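When a ligand or atom number is given, it counts from 1 through the structure's own listing order. Keep in mind that this is a model prediction, so the values were computed, not measured.
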Amino acid sequence: PGWFSEISPMWPGEAHSLKVEEILFKEKSDYQNVMVFQSSAYGKVLVLDGVIQLTERDECAYQEMIAHLPLSSIPDPKKVLVIGGGDGGVLREVSRYSSVEKIDICEIDKMVVDVSKQFFPEVAVGYEDPRVTLHIGDGVAFLKAVPEATYDAVIVDSSDPIGPAQELFEKPFFESVARALRPGGVMCTQAESIWLHMNIIEGIVANCRQIFKGSVNYAWTTVPTYPSGVIGFMLCSTEGPPVDFKHPVNPIDQILSQKSDKPLKFYNSEIHTAAFCLPSFAKKVIDSK
Ligand SMILES: NCCCN[C@H]1CC[C@H](NCCCN)CC1
């Protein structure tokens, strides 16, 4: 009945709208407003504090890219940490790697987990993997308690800097991620839109170049239901065995093609390499930091 418009001070003067068939869930958690609605064009939609988090139709683009850009870039991921990502989509993608022995996930809002299991079973399927351990709590505190050099990869699947995820975009957090990674370990974070947030991206890149002494690269992809239709990722590695993010050493799409597993809908090795090609206005800022 009517339309949902994604109005936010984070993208002033513009708003993506989706036709609403039915509102399926609407509650306030300890951290944010949580809503699920059935849209006409993109299936079910998860909204937190008025911001679209994922839709059934295009979540594959974001979840596959944020997981496979880092994990395809290292030869043998064993221990992986996901910060945020309570919907479980990133877990679904990480569990495709037979080399992975342990997947920790730290999500601050239990309601996101429960709502995803109830309304997005194809996304929350990630929780069914026996290697997964769910921690409900603040990712910043979780990382402080982690012994150094614990993980091969840390994936930060956060919402945006306004709200509970604010400190996941700040220097102390990136320092705690670098400490938790083994030498040559990799981090991939949600890094906003080059059309909307070049200033935020500039800050993130500057911080990452100071903290991560391996490679630091920005990649981007298309997600039609995120504002401006694109979303970016910060790919960083710690000092140690070199990581070339642009040329995957562990091409998951080729590994999977030999298995009957759920096929990848979006990611492939060519899209991986192409994701690091930037328009000039973004290259100028990102490569100069
Ligand atoms: N596992 C899916 C979680 C999605 N994370 C974020 C949800 C908010 C979204 N805002 C985009 C704002 C403009 N860049 C970015 C991804």
Side-chain angles (χ1 to χ4, degrees), residues 4-16 18 31-36 42-70 80-95 103 105-109 111-113 115-117 119-120 122-127 132 134 139 155-166 168-169 188-204 218-234 265-267 282:
F4 166 81
S5 295
E6 190 185 36
I7 293 164
S8 167
M10 291 186 284
W11 34 91
E14 59 184 283
H16 187 237
L18 291 174
Y31 297 94
Q32 53 208 334
N33 291 303
V34 181
M35 177 169 72
V36 178
Y42 281 86
K44 291 194 203 82
V45 183
L46 174 63
V47 180
L48 299 180
D49 278 349
V51 176
I52 293 173
Q53 302 296 303
L54 63 86
T55 81
E56 283 181 314
R57 181 170 162 205
D58 67 1
E59 57 89 11
C60 59
Y62 177 89
Q63 322 276 23
E64 290 181 21
M65 291 297 274
I66 201 170
H68 302 310
L69 286 173
V80 179
L81 169 62
V82 178
I83 300 288
D87 52 78
V90 175
L91 300 176
R92 175 192 68 205
E93 297 307 318
V94 173
S95 60
I103 310 169
I105 176 168
C106 185
E107 164 60 52
I108 200 161
D109 192 345
M111 188 180 279
V112 172
V113 178
V115 163
S116 186
K117 289 178 176 178
F119 296 101
F120 300 91
E122 311 224 325
V123 178
V125 63
Y127 285 105
V132 171
L134 170 62
I155 297 168
V156 187
D157 174 14
S158 67
S159 47
D160 299 305
I162 296 187
Q166 166 116 31
L168 302 184
F169 290 81
C188 183
T189 72
Q190 187 267 108
E192 302 301 337
S193 161
I194 56 174
W195 284 112
L196 302 171
H197 304 125
M198 269 325 301
N199 56 335
I200 296 177
I201 294 168
E202 190 170 6
I204 294 173
Y218 186 90
W220 64 312
T221 196
T222 157
V223 179
T225 56
Y226 287 162
S228 78
V230 301
I231 189 81
F233 307 97
M234 209 65 229
K265 294 181 184 165
F266 187 91
Y267 173 94

### Task
Check each of Asp160, Val230, Leu48, Leu91 against atom 8 (C) of ligand 1 and report the one with the nearest heavy atom.
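Answer by nearest heavy atom: Asp160.
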### Nitrogen or oxygen atoms of Asp87 and ligand 1 under 3.5 Å apart
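For ligand 1, there is an N or O atom that lies under 3.5 Å from one belonging to Asp87.
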### Message
For ligand 1 and Asp157, I'd like to know whether there is a polar contact (N/O to N/O, distance under 3.5 Å).
### Response
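Yes; at least one N/O pair falls below 3.5 Å.
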Main-chain N/O of [Y] paired with [X] side-chain donor or acceptor, under 3.5 Å:
X	Y	result
Glu107	Gly86	yes
Asp49	Asn33	yes
Tyr218	Ala191	yes
Glu14	Pro227	no
Glu192	Ile194	no
Glu93	Ala67	no
Ser116	Val112	no

Look at [atom] and say which protein heavy atom is nearest, naming residue and atom and giving the distance to 0.1 Å.
atom	result
atom 13 (C) of ligand 1	Glu192 OE1, 3.5 Å
atom 4 (C) of ligand 1	Tyr226 OH, 3.1 Å
atom 12 (C) of ligand 1	Trp11 CZ3, 3.3 Å
atom 7 (C) of ligand 1	Gln53 OE1, 3.2 Å

Sub-4.0 Å heavy-atom contact, [X] with ligand 1:
X	answer
Ile66	no
Pro227	yes
Val90	no
Ser158	yes
Met10	no

### Passing option when Asp87 is tested against Gln53, Arg92, Gln63 for side-chain hydrogen bond (donor to acceptor under 3.5 Å, both in side chains)
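With Asp87 as partner, Gln53, Arg92, Gln63 yield a single side-chain hydrogen bond (donor to acceptor under 3.5 Å, both in side chains), made by Gln63.
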### Query
Which atoms from ligand 1 have a heavy atom of Ser193 less than 4.0 Å away?
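By the 4.0 Å cutoff, the relevant atoms are 14 (N).
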#### Entry: Numbered atoms of ligand 1 (with element) below 4.0 Å of His197, judged on heavy atoms
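In order of number, 13 (C), 14 (N).
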### Query
For the residue pair Tyr62 and Tyr226, does the interplanar ring angle fall in the parallel (under 30°), tilted (30 to 60°) or perpendicular (over 60°) class?
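Correct class here is perpendicular.
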### Task
Give me the ring orientation class for Tyr42 and His16: parallel if the planes are under 30° apart, tilted from 30 to 60°, perpendicular past 60°.
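Answer is perpendicular, since the angle exceeds 60°.
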#### Entry: Contact partition for Ile231 relative to ligand 1, non-hydrogen atoms under 4.0 Å
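Side chain only.
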### Task
Determine whether the side chain, the backbone, both or neither of Glu59 has a heavy atom under 4.0 Å from any heavy atom of ligand 1.
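For Glu59, no heavy atom sits under 4.0 Å from ligand 1.
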